[in-house]
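When reading the values below, keep in mind they use all heavy atoms of this one structure, side chains included, and skip hydrogens, waters and symmetry mates.
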Amino acid sequence: ALAALLLCSVAAYVVRSRTPSGAASADRLLLLLPDSVDASQPEVRLWLDAASEEGLHMGILRDSELLRPTSDLHCAGIVIPDEVHRSANDALIGALYRYVERGGHLMLVYDAATWDLQGHFVASESRLSSLAGVHYALYERYLADTMHWSEVWGTAASMRELGIPP
């Protein structure tokens with residue numbers, strides 16, 4: 001359900017930000033996966049199935065493909081899933097920055113790419129914080145208080161706009 005909600009939000013964003021040229025693959029989202037992750041894993045299938053159920057075209061992009069120097073992606077955007085892609089090295093982080101700097105759209109989900117390759121949180125915040133435009137993954141600073149669960153409040157119109165069910 002969370003994946004479907006997130007994908008609905010991405011779909012709305014992609015529709016609003018699509019360029020007029022509309023290349024053949026411009027409506028396709030790419031799910032970024034580490035090379036070692038099997039596409040048949042339930043965590044991956046969840047994303048692909050949710051996209052399909054929402055009428056979105058979603059393919060798989062492997063880290064090695066993004067890191068390829070000749071990589072020229074034509075897609076609506078890249079989704080970095082949380083549970084599947086928590087770890088990333090500096091080369092991958094740099095490739096994500098270059099992709100966005102060239103006009104690409106990126107969806108960071110929860111704690112995606114917040115770990116180094118040894119499974120540790122990196123520095124004082126996510127290496128993607130400046131790319132996202134917000135300081136997040138402040139685990140060193142807030143420790144156990146990094147996450148706080150509470151109810152979401154807003155007008156009915158705001159909830160509809162965000163795609164949050166009643």
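The OH atom of Tyr97 lies 11.0 Å from the CG atom of Asp90; values are rounded to the nearest 0.5 Å. The distance from the CG atom of Leu67 to the CG atom of Asn89 is 6.5 Å, given to the nearest 0.5 Å. Separation of atoms CG (Leu73) and CZ (Arg102) is listed at 9.0 Å; rounding is to 0.5 Å. Taken from CG in Leu31 to CE in Met107, the straight-line distance is 10.0 Å, to the nearest 0.5 Å. Put simply, CE on Met58 and SG on Cys75 are 10.0 Å apart, with the number rounded to the nearest 0.5 Å. With rounding to the nearest 0.5 Å, the separation of CG in Asp38 from CZ in Arg45 is 10.0 Å.
Residue Ala112 comes nearest to Leu128 through the heavy atom pair O-CD1, 4.5 Å, listed as atom of the first residue, atom of the second, then distance. Of all heavy-atom pairs spanning Arg28 and His74, the tightest one is NH2-O, 4.2 Å. Between Ala39 and Ile60, the closest heavy-atom pair is CB-CD1, 3.4 Å.
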Q: Apply the test side chain to side chain contact (heavy atoms under 4.5 Å, CB included) to residues Ile93 and Leu131: give CA-CA distance (whole Å), side-chain angles for both, the deciding distance (0.1 Å), then the verdict.
A: CA-CA 10 Å; Ile93 298 296; Leu131 186 63; over 6 Å; no
Q) Would Leu66 and Leu96 satisfy side chain to side chain contact (heavy atoms under 4.5 Å, CB included), going step by step from the backbone distance to the final call? A) CA-CA 8 Å; Leu66 182 63; Leu96 292 169; 3.6 Å; yes
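Here the rule is side-chain contact (heavy atoms from CB on, under 4.5 Å) with Pro81, and of Val44, Leu46, Val109, Leu33 only Leu33 fits it. Each of Val79, Val134, Ile80 was compared with Leu108 under the side-chain contact (heavy atoms from CB on, under 4.5 Å) criterion, and only Ile80 meets it.
With hydrogens and angles disregarded, no donor-acceptor distance shorter than 3.5 Å links the side chain of Arg127 to the backbone of Thr114. In this structure a side-chain-to-backbone donor-acceptor pair under 3.5 Å is missing from Tyr99 to Gly94. One N or O on the side chain of Asp35 and one on the backbone of Ser64 form a donor-acceptor pair closer than 3.5 Å.
In the hydrophobic cluster analysis, where Ile, Leu, Val, Met, Phe, Trp and Tyr join through side-chain heavy atoms closer than 4.5 angstrom, Leu117 is grouped apart from Val37.
Salt bridge annotation for Asp111-Arg86: present, with a cationic side-chain nitrogen under 4.0 angstrom from a carboxylate oxygen.
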